Amino acid sequence: MIAAAVGIPFSLVIGFLGLHKLGRVGPVEGLTYEATLILNALLYWLFAWILAVALVHRGWALDVCRRQWPQFALLAFSLLLSGAFAEVAIRLVRPDLGMRPFERLASPTLHHVNAPNRSSLGMGNQRVVTNADGFRTAYSREEFLKRKERIVLLGDSYTFGLGVSAEDAVGVVLERRLKVLLPGEDSSIGVLNTGVISYSPFLEQQMFLERAAAYRPTLTLLLLDANDFGDDYQYAQENIAAPGESPRFPVPEARDDSGGICDLSALCRALGPVWDRLGKPAWVMKRLFGDEEKAYDYYDFEIQIAGQSERNRFFILRYPLEDSRPFLDSTWANIEAVAEAVRATGSEFALVVMPRYFHWNDAECPNNWESDRYGVDEPFENAYLEYFDERALGAASFPVWSLLRPFEEATGPLVFDHDPHWNAAGHRTAGEALAQWLVDDGWPAEFEGRPRLSWPQDSQDRRGKGDEDRSMVPRPSPPEAGGL
């Protein structure tokens with residue numbers, strides 16, 4: 001009876017797979033490892049029969065246990081000792097397996113946040129250390145407030161430093177370079193990295209109000225990426241707050257779990273693929289009966305633009321400015337709201353527009369994992385850069401800077417070959433350019449904030465890198481970029 005109770009459900013899995021192969025039933029989303037599922041079901045049948053035999057002959061089984069308990073105790077001790085030895089050995093050979101993977105926690109007011117007070121392992125096996133507010137920084141709030149000049153960086157994964165060490169991320173580079181350019185101010189300058197992966201101005205305003213404002217910045221820089229416009233639209237759709245109220249999202253309170261044994265064990269993480277395969281039958285059963293909670297899908301996206309449905313989060317690269325302008329205007333309104341919140345605390349504010357690698361060199365990310373979402377020659381890849389040039393030359397109440405020129409002039413590659421995020425050289429280029437611009441503008445004594453444009457002010461053509469003779473496009477002479 002026990003064998004039937006355990007084995008029949010998994011036999012149904014095998015039957016389902018057979019029908020699936022015969023085309024009698026439709027596929028289950030994400031279904032893989034058919035052979036593994038069948039082997040698992042057979043293994044569970046075997047365990048069920050062993051358990052059934054032990055229960056039927058429980059008198060004999062208990063007698064064996066009583067007579068052989070020293071051997072069983074020795075076996076348990078040996079397994080425990082072997083496990084401890086394996087744990088130590090794995091941590092020595094693979095230190096990355098000894099760290100918890102980097103996590104983001106759901107938040108009802110901030111959508112998602114970095115796990116606080118955590119030392120974890122991020123992309124590229126880079127260590128990620130966060131403070132009590134979830135910021136990737138060595139500063140506590142109290143330590144940062146001791147600095148006279150306090151710069152806060154708002155942004156997404158580029159600001160966060162995805163794939164690079166904390167020392168190589170743009171915020172630390174900016175602080176280090178400012179201390180070189182302003183040696184008399186070196187002990188009074190601090191830069192705080194508040195970047196969160198997949199953030200955009202819609203969330204950054206709330207992040208500033210809830211957490212970053214408590215660090216009392218004297219200058220706040222918002223770093224804007226090409227996917228922030230789609231993100232702004234999506235987060236606005238997910239917001240369930242009434243108009244005029246602070247954003248709220250239908251997710252549980254942010255909670256930092258200390259983690260179970262398997263979360264803390266390198267041995268468990270090394271055996272993760274085994275656990276994953278052994279659990280496949282149960283996973284399929286949950287899928288079949290609809291009991292599995294679906295994970296948040298960042299790429300589940302859809303907007304209406306130019307009379308058609310668009311599911312590409314990088315849609316601004318695919319439509320002319322007259323079509324994408326309403327969405328750019330919406331993000332601009334969010335940026336102005338951030339600027340207003342920042343200046344209400346007494347901090348200066350500036351916007352930094354970030355290009356993607358294809359704006360300066362098509363060849364820098366040959367194995368881009370996002371290549372199915374955008375190519376290196378999208379028809380309107382320069383449209384959002386042109387838009388912010390217009391804003392910089394218009395009535396913007398804060399500086400609008402573009403990092404395109406420093407990246408064009410730097411020696412590459414500046415991004416990873418498989419991922420469009422900046423590598424260490426890219427972060428160095430951005431951080432040193434921002435430092436030089438601040439010093440050129442008289443910071444910290446005064447702050448003129450002259451616009452740094454992506455394209456020539458008087459260009460009607462605004463030709464891109466694919467034109468026959470790009471060198472003939474006139475460009476304004478930028479300030480020296482501090483050793484770039």
Side-chain angles (χ1 to χ4, degrees), residues 153 155-163 170 173-174 195 200-201 221-231 313-319 321 324 328 331-332 335 350-366 368 370-371 373-393 399-417 419-434 436-437 451-457 459 462-467 470 473 475-476 478-479 481 484:
L153 301 187
D156 62 2
S157 50
Y158 284 80
T159 306
F160 173 85
L162 189 65
V170 59
V173 174
L174 172 59
S200 67
L221 304 179
L222 190 159
L223 278 61
L224 188 77
D225 181 36
N227 63 348
D228 283 358
F229 313 100
D231 288 352
R313 213 174 191 96
F314 294 89
F315 67 95
I316 60 164
L317 309 176
R318 299 154 59 90
Y319 292 86
L321 191 54
S324 60
L328 296 172
T331 289
W332 178 259
I335 294 169
L351 173 67
V352 181
V353 181
M354 301 185 294
R356 287 264 173 151
Y357 73 92
F358 46 77
H359 287 115
W360 70 83
N361 189 339
D362 288 345
E364 282 207 1
C365 192
N368 181 13
E370 285 186 326
S371 60
R373 297 180 172 91
Y374 56 85
V376 294
D377 288 309
E378 294 291 344
F380 300 99
E381 62 185 26
N382 297 324
Y384 80 94
L385 299 179
E386 296 174 10
Y387 176 88
F388 285 99
D389 283 353
E390 293 177 8
R391 289 295 184 178
L393 296 172
V400 180
W401 299 339
S402 171
L403 286 171
L404 178 61
R405 285 301 303 276
F407 275 78
E408 286 182 321
E409 296 173 348
T411 301
L414 305 176
V415 300
F416 298 105
D417 68 346
D419 188 281
H421 287 93
W422 297 334
N423 58 21
H427 280 271
R428 184 170 62 252
T429 299
E432 292 187 352
L434 292 175
Q436 188 65 55
W437 289 345
R452 314 291 187 203
L453 297 179
S454 310
W455 303 94
Q457 298 182 30
S459 171
R462 294 183 183 271
R463 293 181 295 174
K465 61 184 178 347
D467 293 314
R470 188 180 186 186
V473 180
R475 296 180 182 276
L484 293 180

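Computed from a prediction, not measured in an experiment: that's the story for all the values here.
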Asks: For the residue pair P366 and A363, what are the closest heavy atoms and their distance?
Replies: CD-O, 3.5 Å
Asks: What are the two closest heavy atoms between D225 and Y158, and how far apart are they?
Replies: OD2-CE1, 3.5 Å
Asks: Could you go through the side-chain contact (heavy atoms from CB on, under 4.5 Å) check for N227 and D156 one step at a time?
Replies: CA-CA 10 Å; N227 63 348; D156 62 2; 3.6 Å; yes
Asks: Looking at N361 and P413, would you say the former's side chain and the latter's main chain have a donor-acceptor pair under 3.5 Å?
Replies: no
Asks: Check A410 against L414 and note the closest heavy-atom contact, atom names and distance.
Replies: CB-CD1, 3.9 Å
Asks: Going by the side chain to side chain contact (heavy atoms under 4.5 Å, CB included) test, name the single residue among L328, L224, D228 that passes it with Y384.
Replies: L328
Asks: Would you please indicate if the ring centroids of H421 and F160 are separated by under 6.0 Å?
Replies: no
Asks: Name all residues meeting the side-chain hydrogen bond (donor to acceptor under 3.5 Å, both in side chains) criterion together with D231; count only those two or more places apart in sequence or in a different chain, and write none if there are none.
Replies: Y298, R313
Asks: In Å and rounded to the nearest 0.5 Å, what is the CG to OG1 distance from L153 to T159?
Replies: 6.5 Å
Asks: Can you tell me how far the CE atom of M354 sits from the CG atom of L404, to the nearest 0.5 Å?
Replies: 13.0 Å
Asks: Would you sort out whether L221 and L223 count as a side-chain contact (heavy atoms from CB on, under 4.5 Å), showing the intermediate values?
Replies: CA-CA 6 Å; L221 304 179; L223 278 61; 4.1 Å; yes
Asks: Could you pull out the closest heavy-atom pair between F314 and R373, with the gap in Å?
Replies: CD1-CB, 4.2 Å
Asks: For L403, run the side chain to side chain contact (heavy atoms under 4.5 Å, CB included) check against V352, V170, V353 and tell me which one passes.
Replies: V352
Asks: Against W422, only a single residue in F416, F407, Y357 fulfils ring pair (Phe, Tyr, Trp, His ring centres under 6.0 Å); can you say which?
Replies: F407
Asks: Return the orientation label for the W332 and F388 ring planes: parallel under 30°, perpendicular over 60°, tilted otherwise.
Replies: tilted
Asks: Are any side-chain N or O atoms of E386 and backbone N or O atoms of A383, one a donor and one an acceptor, separated by less than 3.5 Å?
Replies: no
Asks: Say you draw a straight line from CG of L162 to CG of N423; how long is it, rounded to the nearest 0.5 Å?
Replies: 12.5 Å
Asks: Between W401 and W437, how do the two ring planes meet: parallel, tilted or perpendicular, split at 30° and 60°?
Replies: perpendicular
Asks: Please report the closest heavy-atom contact between L317 and E378, naming both atoms and the distance.
Replies: O-CB, 3.3 Å
Asks: Taking E370 first and then R356, would you say they form a salt bridge - that is, a charged N and a carboxylate O separated by under 4.0 Å?
Replies: yes
Asks: At their closest point, which heavy atom of L321 faces which heavy atom of E390, and how far apart are they?
Replies: CD2-OE2, 3.7 Å
Asks: Below 4.5 Å, heavy atoms only, C-beta onward: do P420 and V415 meet side chain to side chain?
Replies: no
Asks: Using 0.5 Å steps for rounding, measure from the NE2 atom of H427 to the CG atom of L174.
Replies: 12.5 Å
Asks: Quick one: are P355 and W360 in side-chain contact, heavy atoms under 4.5 Å?
Replies: yes
